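For clarity, every value in this text was computed on a predicted model and none was experimentally measured. Only heavy atoms go into these numbers, but all of them, side chains included; no hydrogens, no water, no symmetry mates.
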Amino acid sequence: PDTTPAKYLSRLLIYAVIALVGLCPSLKVDPSKSEVPLETQAIIPLVVGDQRIMLALRDLMRSIAEFDTAVVDCARAIDGLRHMFWPDEDDRDRGWKLMRNNLNLSQPYVSFISDASKRLRHGNREYIPQLTIDECTKRSWNIMGRFLEYRLRGEKCLPLDEFPEL
C-alpha cells in the first residue's frame with residue numbers, strides 16, 4: 001500500500017469530510033466511495049492550506065477515537081477556531097463573541113464544551129459521563145461544520161434561516 005504523506009493526508013481528509021457530511025451543507029460525500037466528489041473538493045485547499053484548521057480537525061477526529069480525552073480534544077479544537085476569529089489572548093472574549101455571532105451559536109452552547117473539559121484540562125482525572133462526552137463531541141463537530149461553511153462562504157456571517165442559533 002501507498003504510505004506516502006500525501007496518500008495519508010488524502011485518506012485523513014476523506015474521513016474528515018465524511019464525518020462532516022450533514023453538518024456542512026456545502027459538502028456532499030457518498031461514504032460508500034473512497035473519493036471526494038468534485039463539488040466537495042473546495043474543502044480540501046481550505047483545510048490543507050491552513051494548519052490551524054488541520055489541527056482542529058485532527059483534535060475532533062481524536063475525540064471520536066479516544067473517549068478518555070474527548071472533551072479536552074473538543075475544547076482544544078473549538079478554542080483553536082476561536083483563535084481564527086480573534087487571536088489576541090488579551091481579549092479572548094472578543095474572539096468568542098465574533099465566533100458565536102458569525103456561526104449563530106449561543107453562549108451556553110459553546111460554554112458547555114469548555115465547562116465539561118475544564119477540570120480534566122487542569123489535571124483532575126474525574127469520571128466524565130458518556131452522555132457529556134457524546135454531547136461535547138456532537139456540539140464540537142456542529143461548530144466545525146458551521147466554521148467550514150463560514151469559510152466556504154467567504155467568511156460571511158451564516159444566515160439564520162439556514163443556520164438557526166444553536
Exercise. Classify the ring geometry between Phe147 and Phe85 as parallel (under 30°), tilted (30 to 60°) or perpendicular (over 60°).
Key: perpendicular

Practice problem: Supply the atom-to-atom distance Ser140 OG to Leu81 CG, rounded to the nearest 0.5 angstrom. | Solution: 9.0 Å

Self-check item: Minimal non-hydrogen separation, Thr137 against Ala70, with atom names
Solution: OG1-CB, 4.3 Å

Exercise. Specify the closest pair of heavy atoms between Arg146 and Pro164, including all atoms of both residues, with the distance to one decimal.
Key: NH2-O, 2.7 Å

Quiz prompt | Gap separating the CG atom of Leu166 from the CD1 atom of Ile143, nearest 0.5 angstrom | solution = 8.0 Å

Quiz prompt | Ile64 with Met54, same ILVMFWY side-chain cluster at under 4.5 Å | solution = yes

Self-check item: Residue pair Ala116 / Cys136: nearest heavy atoms and the distance that separates them
Solution: CB-SG, 3.5 Å

Quiz item: Between CD of Glu162 and CD of Glu149, what distance do you get to the nearest 0.5 Å?
Solution: 7.5 Å

Exercise. Could you tell me whether the side chain of Thr69 and the main chain of Val72 form a donor-acceptor pair under 3.5 Å?
Key: no

Practice problem: Look up atom CZ in Arg139 and atom CG in Asp134, then write down how far apart they are to the nearest 0.5 Å. | Solution: 12.0 Å

Practice problem: Compare all side-chain heavy atoms of Trp86 with those of Asp91 and state whether any distance is below 4.5 angstrom. | Solution: yes

Exercise. Decide whether Phe112 and Val110 are clustered together by the hydrophobic rule: side chain heavy atoms of Ile, Leu, Val, Met, Phe, Trp, Tyr closer than 4.5 Å, transitively.
Key: no

Quiz item: How long is the gap from OG on Ser117 to CG on Asp73, to the nearest 0.5 Å?
Solution: 10.0 Å

Quiz item: Going by an N to O cut-off under 4.0 Å, is there a salt bridge joining Lys138 and Glu135?
Solution: yes

Quiz item: Roughly how far apart are Asp59 CG and Arg76 CZ, rounded to 0.5 Å?
Solution: 4.0 Å

Exercise. Taking all heavy atoms of Glu165 and all of Leu160, pick out the closest pair and write down the distance.
Key: N-CD2, 3.9 Å

Quiz item: For Gly80, does its backbone N or O pair with a side-chain atom of Arg52 as donor and acceptor, under 3.5 Å?
Solution: no

Quiz item: Between Ile128 and Val71, what is the shortest heavy-atom contact and its length?
Solution: CD1-CG2, 3.4 Å

Quiz prompt | Heavy-atom neighbours of Glu155 CD exceed 12 at 6.0 Å | solution = yes

Quiz item: Do the non-hydrogen side-chain atoms of Trp96 and Ile78 ever get within less than 4.5 Å of each other?
Solution: yes

Quiz item: With distance as the sole test, does Asn102 use its side chain to make a donor-acceptor pair with the main-chain N or O of Tyr150 at under 3.5 Å?
Solution: no

Quiz item: What closest approach, in Å, do Trp141 and Ser63 show between heavy atoms, and which atom pair accounts for it?
Solution: NE1-OG, 4.0 Å

Quiz prompt | SB check Arg82 Asp79 (cutoff 4.0 Å) | solution = yes

